[in-house]
Amino acid sequence: MNLQQLQQLHTYLWTLPQASGDKRAQVLLYGSAPLLESMDDKVLEQIAHVAALPGLVGAAITMPDAHWGYGFPIGGVAAFDAEQGGIISAGGVGFDISCGIRCLRSNLDARDAAPYFNQLADRLFATIPAGVGEEGQINLNPKQLDQVLLGGAQWAVKQGYGDLADLDYVEENGCVSGAVPGNVSELAKKRQRGEMGTLGSGNHYLEVQVVERIYDNVTAQAFGLREGQLVISIHCGSRGLGHQIGTDYLIMLAKAASRLGIHLPDRELACAPIKSPEGQQYLGAMNAAINCALANRQILTHLTRGTFAEIYPQASLETLFDISHNTCKEEQHEVDGKTRWLHVHRKGATRAFAPGHPRLPTRYRDVGQPVIIGGSMGTGSYILAGTSTNQAFASCSHGAGRAMSRNQALKHWDGRTLINDLERQGILIRTRSMRGAAEEAPGAYKDVDQVAEVTEQAGLARRVAFLRPKVCIKG
DNA sequence: ATGTTC
């Protein structure tokens with residue numbers, strides 16, 4: 001991205017100057033000059049299009065890890081007011097609805113656990129179904145699947161997958177309201193019946209990591225983190241169901257936009273007013289997919305505990321937090337001194353509630369919401385905490401963010417060589433797809449250290465801990 | 001992300 005076309009507001013905040021008579025809302029881009037320079041121009045084009053959508057409140061915003069996505073950029077945040085014709089867009093949520101990360105803290109010390117990492121990697125790989133179309137041990141009938149869509153992680157815990165205590169640390173206590181299984185197509189449901197408790201493919205992973213550095217002792221203590229401790233991060237979403245909902249509703253929302261005469265600067269921005277029948281229908285289906293993803297990560301948590309118990313009989317894994325980064329959520333935000341209910345699209349962006357937020361679990365209320373910036377394969381991840389300085393509708397970066405397309409990555413790297421190199425660095429990868437491994441090469445992603453540092457400097461969140469991967473199960 | 005072409 002050429003920075004000449006931007007106006008710098010602060011060291012880590014930029015805007016796109018508007019021509020007079022331009023009716024679109026403001027565009028705000030968070031990031032350092034080097035991060036923005038390395039971004040595709042498409043990010044700017046896409047977020048400028050988002051700023052022109054009806055009912056947008058404040059600014060259309062990109063996070064430091066933004067990159068080119070379908071319609072909306074990944075790393076994009078846009079809030080809409082239903083009362084002012086605000087819209088909902090499937091492209092603003094993302095195809096993998098409620099994709100996110102569950103982080104578990106263990107009572108294990110990495111040094112003690114290390115001699116068994118090879119065995120752990122093999123057992124996790126055997127237990128956690130991963131890969132495109134991969135099905136798990138669970139096969140649900142239509143009625144049971146509807147219960148998943150209504151109950152989320154609460155349903156999973158009732159079935160014996162995990163503990164009630166987990167739910168305190170899952171957004172919305174593991175279940176969002178407003179899910180309407182009837183708004184989800186039979187095809188979407190059929191695709192999901194055998195895919196509960198599976199990881200998926202692409203950038204999804206299950207990683208065993210060691211806490212290598214603590215930045216903030218007080219917050220780390222509240223999060224239950226200490227140096228040398230083993231933690232587990234599970235990155236996955238709503239699998240075939242979410243993807244099929246995305247496909248179904250792109251078509252429906254495009255028709256609605258056309259019927260209602262909404263001008264779309266890009267056909268990928270298909271959307272409908274929140275208050276329209278189509279908008280309401282998508283919301284019901286999207287909320288069902290959120291519950292599906294929350295249930296999925298809950299089941300994977302349970303499977304992970306089972307494998308750890310085989311190898312480390314003394315192991316105890318507690319949920320630190322479960323965070324989604326592809327959602328649209330109705331939340332209260334203060335805008336120009338007034339509190340308003342807004343529909344906040346976060347696509348490739350996580351929520352990051354400030355200290356004191358009433359929707360935070362008591363344990364974290366004083367320090368702010370745990371935020372997870374997941375790194376690329378082999379590079380490390382960060383745990384951060386929400387701050388009161390955040391002015392991006394309590395939103396924050398979600399990962400390293402791609403710097404190179406999958407096709408470009410395939411030309412640069414060979415999967416097997418890459419995995420051998422990582423193994424020499426003490427990182428054990430297990431995957432069924434060498435092609436997938438090449439596409440996920442760390443070099444194809446932005447530098448996660450830079451993303452986390454800039455996220456903190458921009459005031460979006462503050463760093464608490466750095467996690468170094470040891471074992472990684474890839475989809 | 002994805003029964004990898006939305």
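Naming: A, B, ... by sequence-line order, numbering from 1 per chain.
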Comparing nearest nucleotides in DNA chain B, the 5'-proximal residue of the pair A:Tyr70, A:Gly131 is A:Gly131
Judged by nearest nucleotide, the residue sitting upstream toward the 5' end of DNA chain B, A:Asp96 or A:Gly246, is A:Asp96
Select base, sugar-phosphate, or nothing to describe what [X] touches, counting heavy atoms under 4.0 Å on all strands.
X	result
A:Ser201	base
A:Gly242	nothing
A:Gln192	nothing
A:Leu253	nothing

Exactly one of A:Leu206, A:Leu199, A:Leu104, A:Thr198 clears side-chain contact (heavy atoms from CB on, under 4.5 Å) with A:Leu300, and that residue is A:Leu199
* Asked: Cation-pi between A:Arg102 and A:Tyr169: NZ/CZ under 6.0 Å from ring centre and within 45° of the ring axis?
  -> no
[X] [atom1] to [N] [atom2], straight-line distance once rounded to whole Å:
X	N	atom1	atom2	result
A:Arg432	B:dT2	CZ	P	14 Å
A:Asp248	B:dT5	CG	P	18 Å
A:Leu241	B:dT2	CG	P	12 Å
A:Glu195	B:dT4	CD	P	12 Å
A:Arg267	B:dT5	CZ	C1'	12 Å
A:Gln244	B:dT5	CD	P	14 Å
A:Arg406	B:dT2	CZ	P	9 Å
A:Glu268	B:dT5	CD	P	15 Å

Practice task
Taking only Lys NZ, Arg NE, NH1 and NH2, and the carboxylate oxygens of Asp or Glu, determine whether A:Arg463 and A:Glu456 approach each other closer than 4.0 Å.
Solution key: yes
Quiz item: Using 4.0 Å as the upper bound for N to carboxylate O, is an ion pair formed by A:Glu135 and A:Arg193?
Solution: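 A:Glu135 and A:Arg193: not salt-bridged.
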Requested in this report: For the residue pair A:Tyr445 and A:Glu440, confirm or rule out a side-chain donor-acceptor distance under 3.5 Å.
Outcome: yes
